[in-house]
**Student:** 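Take this structure first; my questions come after.
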Amino acid sequence: MENDWSSERPEVVAAELRGLELDRKRLGDRMRAPVWYGFVCGVLVAGLLLTPMIDAVWVKSALLVLAIGLGLALESLRRRIVGIAKRGLAGPASAGALIVMMGSMVVLYSVASLFEGAGMPLAVAGVAVLAFVAMWLFVVVEGRAFAWDMRRAG
């Protein structure tokens, strides 16, 4: 088959490329999570960081399973509201945001566990509040990073 693009006039090709760029921008903007999504994700993460303070192992396990189920349901709800499922990362900015967030969560959970072992429940609660704020900010930053990666793609 012959490539039809070679016979197009430069202004037609430029218009098509501008149209693709606009589509990438719209898609990136549409992929941002709603405001409430970050809040609920933050509550889930903070709740998980408070689990070291619970003595009964079965309660910890039940809460973990519940949190995973709620997280999956929350993501499903976000997909239905936004109308598009986000699969994977769009580029280096969203990948960097994810790496920073995952590293932060590992550190915060470790610190919460150390504070719990030292018998400092208020410090554990403080770490949970930090995790809540970090998760909420992550949802906002990751949405913007994804949109930025989408605009840069191509």
Side-chain angles (χ1 to χ4, degrees), residues 15-154:
E16 289 292 327
L17 289 175
R18 280 192 303 275
L20 288 173
E21 186 177 325
L22 184 61
D23 287 345
R24 282 195 306 268
K25 181 184 181 313
R26 286 182 187 149
L27 180 61
D29 291 342
R30 186 170 181 193
M31 291 300 295
R32 287 189 190 168
V35 175
W36 58 265
Y37 182 78
F39 178 81
V40 176
C41 285
V43 169
L44 280 174
V45 168
L48 286 175
L49 285 180
L50 292 173
T51 58
M53 293 176 29
I54 299 171
D55 291 329
V57 174
W58 72 270
V59 174
K60 287 182 186 181
S61 300
L63 287 174
L64 179 61
V65 169
L66 178 66
I68 290 171
L70 287 174
L72 292 173
L74 181 64
E75 179 58 22
S76 176
L77 179 63
R78 185 200 65 80
R79 272 189 251 148
R80 272 189 258 135
I81 289 172
V82 171
I84 300 172
K86 184 171 16 174
R87 303 264 191 242
L89 303 168
S94 54
L98 181 64
I99 290 168
V100 167
M101 185 61 201
M102 295 306 288
S104 300
M105 286 299 123
V106 168
V107 169
L108 288 172
Y109 191 82
S110 300
V111 170
S113 296
L114 288 173
F115 283 151
E116 189 274 329
M120 302 169 67
L122 288 177
V124 175
V127 172
V129 169
L130 281 175
F132 168 80
V133 171
M135 190 61 178
W136 198 347
L137 288 174
F138 166 71
V139 169
V140 171
V141 168
E142 196 274 336
R144 292 176 192 271
F146 191 89
W148 186 74
D149 282 338
M150 289 298 295
R151 284 192 292 272
R152 283 189 53 230

**Student:** Who pairs with Tyr37 by side-chain hydrogen bond (donor to acceptor under 3.5 Å, both in side chains), at least two apart in sequence or on another chain?
**Tutor:**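 With sequence neighbours excluded, Tyr37 shows a side-chain hydrogen bond (donor to acceptor under 3.5 Å, both in side chains) to Glu75, given in chain and number order.
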
**Student:** Within the 4.5 Å heavy-atom criterion, are Ser104 and Val100 side-chain neighbours or not?
**Tutor:** yes

**Student:** List the atom of Ala125, the atom of Leu50, and the distance in Å for their closest heavy-atom pair.
**Tutor:** CA-CD2, 4.0 Å

**Student:** Could you check if a side-chain atom of Val45 sits within less than 4.5 angstrom of a side-chain atom of Phe132, using non-hydrogen atoms only?
**Tutor:**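 Of all side-chain heavy-atom pairs linking Phe132 with Val45, none is under 4.5 Å.
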
**Student:** Provide the closest heavy-atom pair for Leu74 versus Trp36 in the form atom of the first, atom of the second, distance.
**Tutor:** CD1-CZ3, 3.3 Å

**Student:** Do you know which two heavy atoms are closest between Ala67 and Leu48, and how far apart they sit?
**Tutor:**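 Where Ala67 meets Leu48 most closely, the heavy atoms are CB-CD2, 3.6 Å.
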
**Student:** Compare every heavy atom of Ala46 with every heavy atom of Ala128, then report the nearest pair and how far apart it is.
**Tutor:** O-CB, 3.4 Å

**Student:** Once you round to the nearest 0.5 Å, how far does CG of Leu63 lie from CD1 of Ile54?
**Tutor:**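 Spacing of CG (Leu63) from CD1 (Ile54) equals 4.5 Å.
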
**Student:** Which pair of non-hydrogen atoms, one from Leu49 and one from Ala131, has the smallest distance, and what is that distance?
**Tutor:**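 Nearest heavy atoms, Leu49 then Ala131: CD1-CB, 2.9 Å.
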
**Student:** Do Val127 and Tyr109 make a side-chain contact, defined as non-hydrogen atoms from C-beta onward lying under 4.5 Å apart?
**Tutor:** no

**Student:** Run the side-chain contact (heavy atoms from CB on, under 4.5 Å) test against Leu70 and tell me which residues pass, sequence neighbours left out.
**Tutor:**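 Expected list: Leu44, Leu66.
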
